[in-house]
Amino acid sequence: MGAEPRVRLPYCGVTALIKIAPSILSADFARLGEMVREAEAGGADYIHVDVMDGHFVPNITIGPLVAGAVRQVTTLPMDVHLMIEAPERYLEAFARAGASILTVHVETCPHLHRTVEQIRELGVKPGVTLNPATSLDTLFEILPYVDQVLVMTVNPGFGGQSYIPTMTAKVARLASMIAARAPHVEIEVDGGIDTDTVRAVVRAGARVLVAGTAVFHHAEGIAAGIAALRLAAQQTLSI
């Protein structure tokens, strides 16, 4: 993937708290509650919930009922990623289900500022997401109004995909943009994140790491998967 410049963000620096957000997309849904509890006990910071509608992305996953069930079994912040068309129709339902963060795609929101304000009015932190080929320019006006930007490092729709190497430079450019314009914003990355790719994205400025396969399919268990990611991230920051 090549060496990318380290970006020191004013709000974090090399002592940044790395947040691990296991994605339940890769969990065994027959044991979902058990696996979410295990992720919390294993040191996860968020539980990441991927919502797909079969229109914006070529897959269908879960809705507010399952999100609400997850909320019942964990005290962790629930990070809900809406990969759906017209997300404004479902913001209230996911807020009622217990979402702590609601992230919408810039590609699906023609009135993005209005949607972001709706999320905040519901008492939930707003985030925005970019697909791999979407320009960072689309974020310029909205950055001051959000708490998180999620960079998709694969094309959304399915778990278990390989990281797109050019996304490392995109994360670094976003980190520079945030440092200049909205230093409170955290960068989250999702797609192909494991103990190899985590080093590149953390060096570039990512601080919230979504991982599905690397956590829920780790050979030594969920806690070991979380610990391995955190160790790789912290070792990167300490270099």
Side-chain angles (χ1 to χ4, degrees), residues 17-54 56-57 59-105 108-109 115-129 146-150 152 156-159 185-186 188-191 193 207-218 221-223 225-226 229-230:
L17 173 65
I18 296 297
K19 297 175 182 176
I20 308 296
S23 170
I24 65 169
L25 185 63
S26 297
D28 179 352
F29 272 58
R31 300 190 300 118
L32 182 57
E34 174 189 340
M35 298 187 90
V36 168
R37 290 189 189 97
E38 191 174 340
E40 180 170 3
D45 299 288
Y46 296 161
I47 297 297
H48 189 82
V49 178
D50 287 309
V51 179
M52 306 181 189
D53 63 0
F56 177 59
V57 294
N59 196 5
I60 298 173
T61 55
I62 66 173
L65 287 177
V66 175
V70 170
R71 176 76 287 160
Q72 296 302 309
V73 299
T74 181
T75 61
L76 292 177
M78 190 161 65
D79 180 22
V80 179
H81 176 195
L82 298 178
M83 288 173 272
I84 62 177
E85 294 180 354
E88 64 277 3
R89 296 180 298 175
Y90 302 99
L91 300 177
E92 186 174 354
F94 281 101
R96 288 199 309 267
S100 308
I101 304 166
L102 275 171
T103 303
V104 297
H105 276 257
T108 68
C109 295
T115 301
V116 164
E117 289 300 290
Q118 286 178 314
I119 294 171
R120 199 173 294 283
E121 288 168 5
L122 289 166
V124 179
K125 291 183 177 181
V128 291
T129 309
V146 300
D147 292 294
Q148 183 169 277
V149 173
L150 170 55
M152 291 303 302
F158 300 95
V185 175
E186 288 188 311
E188 182 175 34
V189 289
D190 183 1
I193 301 302
R207 295 297 177 261
V208 183
L209 311 174
V210 178
T213 301
V215 171
F216 288 111
H217 295 181
H218 193 279
I222 292 171
I226 293 170
L229 288 171
R230 196 179 304 281

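Not measured: the values here are computed from a predicted model.
The one candidate from V208, V80, L76 that meets the side chain to side chain contact (heavy atoms under 4.5 Å, CB included) condition with Y46 is V208.
A parallel orientation is assigned to the rings of H81 and H105, their planes being inclined by less than 30° (bins at 30° and 60°).
The shortest side-chain heavy-atom distance between V66 and V49 does not fall under the 4.5 Å cut-off. V124 has its side chain out of reach of F94: every pair of non-hydrogen atoms, C-beta onward, lies at least 4.5 Å apart. Contact of the M152 side chain with the T129 side chain is registered, since non-hydrogen atoms from C-beta on lie closer than 4.5 Å. Using a 4.5 Å heavy-atom cutoff, the side chains of Q148 and D79 are in contact. Taking the side chain as every heavy atom from C-beta outward, S100 and R71 approach each other to under 4.5 Å. For the pair T108 and L82, the minimum side-chain heavy-atom distance is 4.5 Å or more.
Atom-to-atom distance recorded for M83:CE and T103:OG1 is 10.0 Å, nearest 0.5 angstrom. Within the model, atoms CE of M78 and CG of L102 stand 8.5 Å from one another, a figure rounded to the nearest 0.5 Å. The structure places CD1 of I193 at 10.0 Å from CD of E188, a figure rounded to the nearest 0.5 Å. Atoms CZ and CD1, from R37 and I222 in turn, are 12.0 Å apart once rounded to the nearest 0.5 Å. Note: L209 CG to K19 NZ = 11.0 Å, rounded to the nearest 0.5 Å.
Residue A97 comes nearest to P64 through the heavy atom pair CB-O, 3.5 Å, listed as atom of the first residue, atom of the second, then distance. The two residues V146 and G127 have their closest heavy-atom pair at CB-CA, 4.5 Å.
Although no hydrogens or angles enter the test, the distance criterion places a donor-acceptor pair under 3.5 Å between the side chain of T61 and the main chain of M52. Side-chain atoms of R230 come within 3.5 Å of backbone atoms of I18 as a donor-acceptor pair (strictly under, hydrogens ignored).
In this structure E92 satisfies the salt bridge (Lys or Arg N to Asp or Glu O under 4.0 Å) test together with R96, sequence neighbours excluded.
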D147 vs I101, side-chain contact (heavy atoms from CB on, under 4.5 Å): CA-CA, chis, key distance, verdict: CA-CA 9 Å; D147 292 294; I101 304 166; over 6 Å; no

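The pair R207-D45 fails the salt-bridge criterion, with no side-chain N (NZ, NE, NH1 or NH2) lying under 4.0 Å from an Asp/Glu carboxylate O.
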Which atom pairs, donor and acceptor, lie under 3.5 Å between side-chain atoms of residues 21-32 and protein residues at least two apart or in another chain?
residue, atom, partner, partner atom, Å
S23, OG, L25, N, 3.3
S23, OG, D50, OD2, 2.7
S26, OG, T213, N, 3.3
D28, OD1, A30, N, 3.0
R31, NH1, E34, OE2, 2.8

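F56 CZ: more than 12 foreign heavy atoms inside a 6.0 Å radius.
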